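Every number for a ligand or one of its atoms is a count from 1 in the order of the listing. Just so it is clear, the values below take in all heavy atoms, side chains as well, and ignore hydrogens, waters and symmetry mates. Only a predicted model underlies this, so the values are computations on that prediction, with no experimental measurement involved.
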Amino acid sequence: MQPLHRAFRPQWSLRCGPLASVSWLLLRASRVHSSLPTTTCSSPEKQQENEVQKDFSSRLATGPTFQHFLRSVSVPQEKLSSPEAEDPPPYLTVDELLGKQRKVYLETYGCQMNVNDTEIVWSILQKNGFLRTSNLQEADVILLVTCSIREKAEQTIWNRLHQLKALKTKRLCSRVPLRIGILGCMAERLKEEILNREKTVDLLAGPDAYRDLPRLLAVAESGQQAANVLLSLDETYADIMPVQTSPSATSAFVSIMRGCNNMCSYCIVPFTRGRERSRPIASILEEVRKLSEQGLKEVTLLGQNVNSFQDSSEVQFNNRVFTNLSRGFTTNYKTKQGGLRFSHLLDQVSRVDPEMRIRFTSPHPKDFPDEVLQLIHERHNICKQIHLPAQSGSSRVLEAMRRGYSREAYVELIHHIRETIPGVSLSSDFIAGFCGETEKDHLQTVSLLREVQYNMGFLFAYSMRQKTRAYHRLKDDVPEEVKLRRLEELITVFREEATKTNKTSVGSTQLVLVEGISKRSPADLCGRNDGNLKVIFPDVEMKDVTNPGFRVRAQPGDYVLVKITSASSQTLKGHVLCKTTLKGSSAYC
Ligand code: 5AD
Ligand code: SF4
């Protein structure tokens, strides 16, 4: 993930500070009566609801129109920032903005960022009087948090909408009508095209519009479609503490920045998630402290471009501090100056709790200056694990992808990282069959996989996305079957190399953070080692070096030492030696 191209200006969807109170609502008054079963259902609750809807519609008719919102964009800024401008729209009462105990079912697709966004969404809805359900059948509102990165991800959502349509049609009229919302990247990418194509959808909210959900749901409640797909220059949801979905979890994700400025030529992310912006360090530290107090043992710092972090929220910081890039790497955008950078954040976060492991994802290889690498090496609770998305092993293809580095610069960075952080685990993303990729280019990717010997890999067939530079300037000329064949080859080579690499740890002792019972066997436990690889071991009694003389069984959240006895491309197996601590683990090996 990377910097934003200068020409990037999403049409009518960019929001910045002074215009923050101006939002776009898409209202379809025609549906008010047609979609509501007013004649067939006559329960008192229904009649009351219809009255409310009629009242709502008449107030809506006299309220501001879509044009009004467009016009208000040109209102002078002083007026916009006046208190009156921030009052809620007069046609929605405070009561209508509350959830009335409606039950919300949230379904998440795509990346870890979406998992975190789901927690933010739930935090907002919970505060506004909604209830959560994990039972689809009892839901009053179904919200899909969507992904657009590849065509297949979107197809999954269209298929899901077909299933949900049946649920909506079959809904008993004695219940409140079911409302369905599309949130996240797909809402942002397709905007009203979704509403036109799939009438079953009641609301859309882009990744920067989640605060507006209570209002959008209030509009949808009246049987109208509602949308807010404004992108923001400053929304980081810094003040919203995500609600952890699984209370027993040992680890949590903490969002530290949003958006991407890189404009890799194949990638839709800068268009769906907008410009890069970082969350103030103080609020990140507050969240990490809270998680530590709750007993969580691992935090993963999250962002599209996590190591480009730059907190400029506190003006006193020297703005003459230059960005240090990895050697041989460039950006597609003017590099930023000043502010607090990723190394500072990592340092601060890792000081919160010496028993808390720190990871981060997803970084860009360009942002690994020596100070970051040195800190990872020195700090005992920062995991020695780095994701370095290469995307291709061919300099020619990397150039077409606008990644800002050559194969040689990437390989040099790998050597430098391995020298600085001995034993580091490396993972990567690769795309097979990008525009113009020849067989020779593909073989160079194969050879990079062999040369680097990653511990983990995420491999994808190229999927052309509208709006991207590749869509406008390049030809998607690798036939589908060739893409898939190349992808298969990459997967095979990656597995062979990862198996070889992982087998070198057989006989070693690894520190494992216990997650719980293994899915494969109730007699086994599973957890993750420092390199984030899954480790499985029998659930037996062991000595507890933190409590001499006692024997215990491992619990989720415990650190244990495991002697590795076998390895595959994705998993290590072994037997447990003892319970220990993160800080003291090396002393007990
Ligand atoms: N087609 C295939 N894979 C893609 N990725 C991003 N955009 C595309 C695309 N259009 C992959 C990249 C990125 C990961 C998150 O998804 O490898 O690192
Ligand atoms: Fe940004 Fe996409 Fe490139 Fe990642 S792949 S750096 S999200 S443009």
Examine F329 together with H364 and report whether their ring centres are nearer than 6.0 Å.
no

Could you verify whether a donor N or O on one side chain and an acceptor N or O on the other, from R396 and S406, lie under 3.5 Å apart?
no

Should the pair E439-R485 be classified as a salt bridge under the 4.0 Å nitrogen-to-oxygen rule?
yes

Hey, is ligand 1 close enough to Y462 that some N/O pair sits below 3.5 Å?
no

Heavy-atom nearest neighbour of atom 8 (S) of ligand 2 within options S362, C264, C111, P389:
C264

Of all residues at least two apart in sequence or in a different chain, which pass the ring pair (Phe, Tyr, Trp, His ring centres under 6.0 Å) check with F430?
Y454

So the atoms of ligand 2 within less than 4.0 Å of a heavy atom of Y266 turn out to be 5 (S)

Can you tell me which portion of Q391 lies within the under-4.0 Å heavy-atom range of ligand 1? Options are side chain, backbone, both, or neither.
side chain

Check whether N529 reaches the backbone of N532 with its side chain - one donor and one acceptor, N or O, closer than 3.5 Å.
yes

When only distance counts, is S463 in polar contact with ligand 1, meaning an N/O pair under 3.5 Å?
yes

Aromatic ring proximity, centroids under 6.0 angstrom, F360 and F342
yes

If we number the atoms of ligand 2 from 1 as shown, the ones under 4.0 Å from a heavy atom of R403 are 3 (Fe)

Heavy-atom proximity to atom 13 (C) of ligand 1 ranks first, among L487, D476, D429, for D429

Quick one: does C264 get within less than 4.0 Å of ligand 1, heavy atoms only?
no

I268, portion touching ligand 1 at heavy-atom distance under 4.0 Å
neither

Residue part near ligand 2, for C260, under 4.0 Å between non-hydrogen atoms:
side chain

Could you tell me whether E412 and R327 make a salt bridge, using a distance below 4.0 angstrom between a side-chain N and a carboxylate O?
yes

Side-chain (K366) to main-chain (G404) donor-acceptor, under 3.5 angstrom
no

Presence of N, O or S from C267 under 2.8 Å of atom 3 (Fe) of ligand 2:
no

Indicate, as side chain, backbone, both or neither, the part of P270 found under 4.0 angstrom from ligand 2 when only non-hydrogen atoms are considered.
side chain

Please report whether the ring centroid of Y237 lies less than 6.0 Å from that of Y210.
yes

Heavy atom under 4.0 Å from ligand 1: found in F460's side chain, backbone, both, or neither?
side chain

Counting each atom of ligand 1 from 1 as listed, which ones have a heavy atom of R465 under 4.0 Å away?
10 (N)

